J.: 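Here you go, one structure.
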2 protein chains.
Amino acid sequence: MAQSNPPFMSGVPELLLLRLLNEQEMYGYELGRSIKKVTEDAISLGEGVIYPVLHSLERNGSLKSKRKAVGGRNRVYYSLTKKGRDRLEKLHGDWRRIQGGVATAFGGTANA
Amino acid sequence: MAQSNPPFMSGVPELLLLRLLNEQEMYGYELGRSIKKVTEDAISLGEGVIYPVLHSLERNGSLKSKRKAVGGRNRVYYSLTKKGRDRLEKLHGDWRRIQGGVATAFGGTANA
DNA sequence: TGAAATACCTATTAGTTCGAGGTATTCTCG
DNA sequence: CGAGAATACCTCGAACTAATAGGTATTTCA
């Protein structure tokens, strides 16, 4: 057998969060706006999606966090660990494969 | 507000199934092999994925089915209804948007 | 003062997908 | 003929995702 599939559509929120945090540390609320911006409004994630993903990513060691008080605000900044970078690469690879597969399926015989 | 997001990861199996059935009627077992082929092995769906999706698609009126006995085999052929074609267009649009958003997010600042 | 924005969080629900199983028939090959 | 592979259908249960809808508290600004 060739290879087993990753859970399919799973992971876009996780993928994007890891992608952004790989560039620079950020906090949850900020990530929400940032995702809208870097996807040019194509994707927007609610806080109810962002925070749980952040927490589970931290739990499994992909992210580390530190609290900072900035201008009277209490923020939790996240950044990638080595494991997080590995995870990012893996998810990105999965994504490219699926994306490529879908593109091929739709490109094969041109349709509307 | 701009627009609400479709459920994220959902829908690649459904999308591919609709895509294939839009070209020609097929039966479940056949669809499994066909998906592997048209995605050039990038994606393969187990029967435990295919049949439930087919059934739910038929339940909601996107697909219609007819039984045929072919060479002693009992097959259930599916084809798209109008509603199924609409559904395909919608899912395809969603997919393009998400795909574009991810591409932009990763393309914005080139990374490995 | 009061509303909006910032900033965090959780719980519930709904939906998807996966793997593992199950049945039955037909085909192929020794 | 007999055995096993392939065809062809199906369902169940577990695991996981993601969406909505809430909740708290502070700060900013009109």
Side-chain angles (χ1 to χ4, degrees), chain A residues 1 3-18 25-36 43-60 62-63 65-78 87 91 94-95 98 101-102, chain B residues 1 3-18 25-36 43-60 62-63 65-78 87 91 94-95 98 101-102:
Chain A
M1 103 195 17
Q3 98 232 272
S4 85
N5 285 113
F8 263 116
M9 299 320 271
S10 317
V12 165
E14 184 182 346
L15 177 61
L16 291 175
L17 291 176
L18 289 171
E25 63 174 21
M26 289 198 229
Y27 56 98
Y29 190 80
E30 183 185 16
L31 283 160
R33 280 164 303 150
S34 194
I35 281 173
K36 264 199 93 177
I43 300 173
S44 91
L45 303 181
E47 298 181 14
V49 173
I50 291 173
Y51 288 112
V53 173
L54 251 17
H55 296 161
S56 98
L57 247 17
E58 184 175 23
R59 238 179 292 124
N60 76 21
S62 294
L63 296 181
S65 69
K66 58 182 154 181
R67 287 157 192 290
K68 280 192 211 176
V70 179
R73 296 281 172 193
N74 235 343
R75 296 173 178 168
V76 184
Y77 280 85
Y78 292 91
R87 176 84 180 145
L91 284 186
D94 286 347
W95 172 259
I98 301 303
V102 173
Chain B
M1 100 192 25
Q3 99 234 272
S4 86
N5 285 112
F8 261 118
M9 299 318 267
S10 320
V12 164
E14 183 183 348
L15 177 61
L16 291 175
L17 258 11
L18 289 171
E25 63 174 22
M26 289 198 228
Y27 55 98
Y29 190 80
E30 182 184 19
L31 282 159
R33 280 165 302 151
S34 194
I35 280 174
K36 265 199 94 177
I43 299 173
S44 91
L45 303 181
E47 297 182 15
V49 173
I50 291 173
Y51 289 112
V53 172
L54 251 18
H55 296 160
S56 99
L57 246 18
E58 184 175 23
R59 237 180 292 124
N60 77 23
S62 294
L63 295 181
S65 69
K66 59 183 153 179
R67 289 158 190 288
K68 279 192 210 175
V70 180
R73 295 284 172 190
N74 235 343
R75 298 174 176 168
V76 184
Y77 281 84
Y78 292 92
R87 176 83 181 146
L91 284 186
D94 285 348
W95 172 260
I98 300 302
V102 173

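Not measured: the values here are computed from a predicted model. Numbered from 1 within each chain, the chains take letters A, B, ... in sequence-line order.
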J.: Which residues satisfy the side-chain hydrogen bond (donor to acceptor under 3.5 Å, both in side chains) test with N60(A), sequence neighbours excluded?
T.: S62(A)
J.: Measuring only between side-chain heavy atoms, which start at C-beta, is L31(A) closer than 4.5 Å to L54(A)?
T.: yes
J.: Let me know the distance between CG of L31(B) and C1' of dC9(D), rounded to the nearest Å.
T.: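 Rounded to the whole Å, the gap is 13 Å.
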J.: Calculate the interatomic distance between L16(A) atom CG and dA18(D) atom P; express it in whole Å.
T.: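 Rounded to the whole Å, the gap is 10 Å.
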J.: R87(A): what forms a salt bridge (Lys or Arg N to Asp or Glu O under 4.0 Å) with it, not counting sequence neighbours?
T.: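 With neighbours one apart ignored, the set is E14(A).
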J.: For E25(A), what residues pass the salt bridge (Lys or Arg N to Asp or Glu O under 4.0 Å) criterion, not counting sequence neighbours?
T.: K66(A), K68(A)
J.: Tell me which pairs pass side-chain hydrogen bond (donor to acceptor under 3.5 Å, both in side chains) where either residue lies in residues 46-55 of chain A, with sequence neighbours left out.
T.: none
J.: Specify the separation, in whole Å, of atom CD1 of I35(B) and atom P of dC18(C).
T.: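 The answer, rounded to whole Å, is 11 Å.
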J.: What integer distance in Å separates L54(B):CG from dT17(C):P?
T.: 13 Å
J.: Rounding to an integer number of Å, can you tell me how far L45(B) CG sits from dT16(C) P?
T.: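 Whole-Å distance recorded here is 14 Å.
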J.: In chain order, what residues pass the ring-ring contact (aromatic ring centres under 6.0 Å, His included) check against Y77(A), with sequence neighbours excluded?
T.: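 Here the qualifying residues are Y27(A).
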J.: Below 3.5 Å is the cut-off: list the nitrogen or oxygen pairs between protein and nucleotides 7-10 of chain C, distance only.
T.:
| residue | atom | partner | partner atom | Å |
| --- | --- | --- | --- | --- |
| dA7(C) | OP1 | R75(A) | NE | 2.7 |
| dA7(C) | OP1 | R75(A) | NH2 | 2.5 |
| dA7(C) | OP2 | Y27(A) | OH | 2.6 |
| dA7(C) | O3' | N74(A) | O | 3.4 |
| dC8(C) | OP1 | V76(A) | N | 2.7 |
| dC8(C) | OP2 | G28(A) | N | 3.3 |
| dC8(C) | OP2 | Y29(A) | N | 2.7 |
| dC8(C) | OP2 | Y51(A) | OH | 3.0 |
| dC8(C) | O5' | Y51(A) | OH | 3.4 |
| dC8(C) | N4 | E47(A) | OE1 | 2.6 |
| dC9(C) | OP2 | H55(A) | NE2 | 3.1 |
| dT10(C) | OP2 | H55(A) | ND1 | 3.1 |

J.: Report the residue (E14(A) or G71(A)) whose heavy-atom-nearest nucleotide on DNA chain D is the more 5′ of the two.
T.: E14(A)
